[in-house]
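Shown next, in structure tokens, is the structure this report addresses.
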Protein chains: 2
Amino acid sequence: MRMGEGVEWGLHCCLALAWLDDLAPIPTRRLAEVFDLPAEYLKKQLQPLVKAGILASEPGARGGYRLNRDPSAVTLMDVVSAIEGGLAPFACMEVRQRGAGASAASSTEFRSPCGITMAMRRAELAWRRELASQTLADLLASTSPAAEQRVRRFLAST
Amino acid sequence: MRMGEGVEWGLHCCLALAWLDDLAPIPTRRLAEVFDLPAEYLKKQLQPLVKAGILASEPGARGGYRLNRDPSAVTLMDVVSAIEGGLAPFACMEVRQRGAGASAASSTEFRSPCGITMAMRRAELAWRRELASQTLADLLASTSPAAEQRVRRFLAST
DNA sequence: GCGAGACTACTCGGATATATTTTGTCCGAGTTCTCAGGG
DNA sequence: CCCTGAGAACTCGGACAAAATATATCCGAGTAGTCTCGC
């Protein structure tokens, strides 16, 4: 159960884009340089963020990506679920309903989800809640001004 | 970020084994029949639980698996981390330390982890805490007695 | 009848294949800039 | 000099390929029961 690296990349890119007041789009090549990442693959990772409406893209020369919403309107959960696909980490297959003797069970027995599923859901919910409680704006406030200056200056140049 | 199906299987098997007061080991073939799972692959999924000391195994004929600890001493986190490998879902690669201008940063800037990492860790911690707060004994108490009876009777037969 | 020993049946554990997902690369459609040529 | 238009440069988006991981299978080591043979 490892989370794809695209999540980390996406979050850093969103943050970097949020630092720019400028609305001019930034191409992936430039973003990739900031973090020393493979440009082509980074582009692929950012695409779902566009689909989710978090980023906006401009094609053609002078094109690139820019933040499409106010940083306070983008939660970490938004970014994570956009890139990871939004599926539940724990997929309950309802194994209890299969196999030996399950057919003999009363019809009401499976009305409510099994205890295991509920426990996993509870844990997952705690995770989601935590991610949803933080926005890009919160991250902006808590990051080092020095780092922000460096990235801004780099992206602004040229 | 999908969790392997082995986790669900492992939990259900632990629960089934916990229902048996009897200490006689249950072979995987029998467990697989209960939930209609592929026996060989289920066996492979249970092996890490043995390594973690949650289950104990007996080789040879009349062999099988049995619970190695009191149900109240096994948390869901124990089972999940045994099967999934216990790695952090979010692996921070510290991308901020690489790439453009990072070398120009002050030596103290990277002393504390970046905000993104901290936020992800917080979320992960909430998840782990939730899983660690529930034991097999809790699940035993919250499951349908009818299901327990069916599984017990099936595993006890023969 | 009784015991000893070989044999069979069954189990776990780990090594070996296959499938699926993740990671990485490439090419086409579209937009902007550049620059040469004509007015 | 200024305008026009063709070409070059650059970008995103999605199709294609390689690598890594999860899923599934197989074989060997070991144990308990069983059956036969000898006493």
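- Computed from coordinates, the B:Arg2 CZ to D:dA22 P distance equals 10 Å when rounded to whole Å.
- The shortest distance between the side-chain N/O atoms of A:Tyr65 and the OP1/OP2 oxygens of D:dG13 is below 4.0 Å.
- Atoms CD (B:Gln47) and P (C:dT11) sit 15 Å apart, rounded to a whole Å.
- When the side-chain nitrogen and oxygen atoms of B:Arg29 are compared with OP1 and OP2 of C:dC10, none of them lie within a distance under 4.0 Å.
- Ranking C:dT31, C:dG13, C:dT11 by closeness to the B:Glu40 side chain, first place goes to C:dG13.
- Two residues, A:Gly60 and B:Pro38, neighbour DNA chain D, and the one matched to the more 5' nucleotide by heavy-atom proximity is A:Gly60.
- Taking 4.0 Å as the cut-off between side-chain N and carboxylate O, B:Arg29 and B:Glu33 count as a salt-bridged pair.
- Atom CG of A:Leu31 and atom P of D:dT11 are 11 Å apart (whole Å).
- Proximity note for B:Lys43 (side chain, C-beta onward) versus C:dG14, D:dG13, C:dG24: the nearest is C:dG14.
- Between A:Glu84 atom CD and C:dT21 atom C1' there is a gap of 12 Å when expressed in whole angstrom units.
- Straight-line distance from the CZ atom of A:Arg30 to the P atom of D:dC12: 13 Å, rounded to whole Å.
- Side chain of B:Glu58 to main chain of B:Pro25: no donor-acceptor pair is present (N/O by atom type, distance under 3.5 Å, no hydrogens or angles).
- Of the candidate nucleotides D:dG13, C:dT31, C:dC12, C:dT31 has the atom nearest to the side chain of A:Ala61.
- Under the 4.5 Å side-chain heavy-atom criterion for grouping Ile, Leu, Val, Met, Phe, Trp and Tyr, B:Met120 is not connected to B:Met118 through any hydrophobic cluster.
- In this structure, A:Leu55 places its CG atom 11 Å from P of D:dC12, rounding to the nearest Å.
- A salt bridge is defined here as a Lys NZ or Arg NE, NH1 or NH2 lying under 4.0 Å from an Asp or Glu carboxylate O, and B:Glu124 with B:Arg128 meets this definition.
- Closest to the side chain of B:Trp9, out of D:dA24, C:dT25, C:dC12, is D:dA24.
- Two residues, A:Met3 and A:Arg62, neighbour DNA chain C, and the one matched to the more 5' nucleotide by heavy-atom proximity is A:Met3.
- Comparing C:dG14, D:dC16, D:dC12 against the side chain of A:Lys44 picks out D:dC16 as the nearest.
- Between B:Leu46 atom CG and C:dT11 atom P the separation is 14 Å, expressed in whole Å.
- Close to D:dT11, at under 4.0 Å from its OP1 or OP2, lies no side-chain N or O of A:Thr28.
- Cation-pi geometry between B:Arg30 and B:Phe154 is met: the NZ or CZ atom falls under 6.0 Å from the ring centre, inside 45° of the normal.
- When rounded to the nearest whole Å, the span between OH of B:Tyr41 and P of C:dG13 equals 17 Å.
- With distances taken from any side-chain atom of B:Gln45 to the nucleotides D:dT23, C:dT11, D:dG13, the minimum falls on D:dT23.
- In the set D:dC16, C:dA15, C:dC12, C:dC12 carries the atom at the smallest distance from any side-chain atom of B:Pro27.
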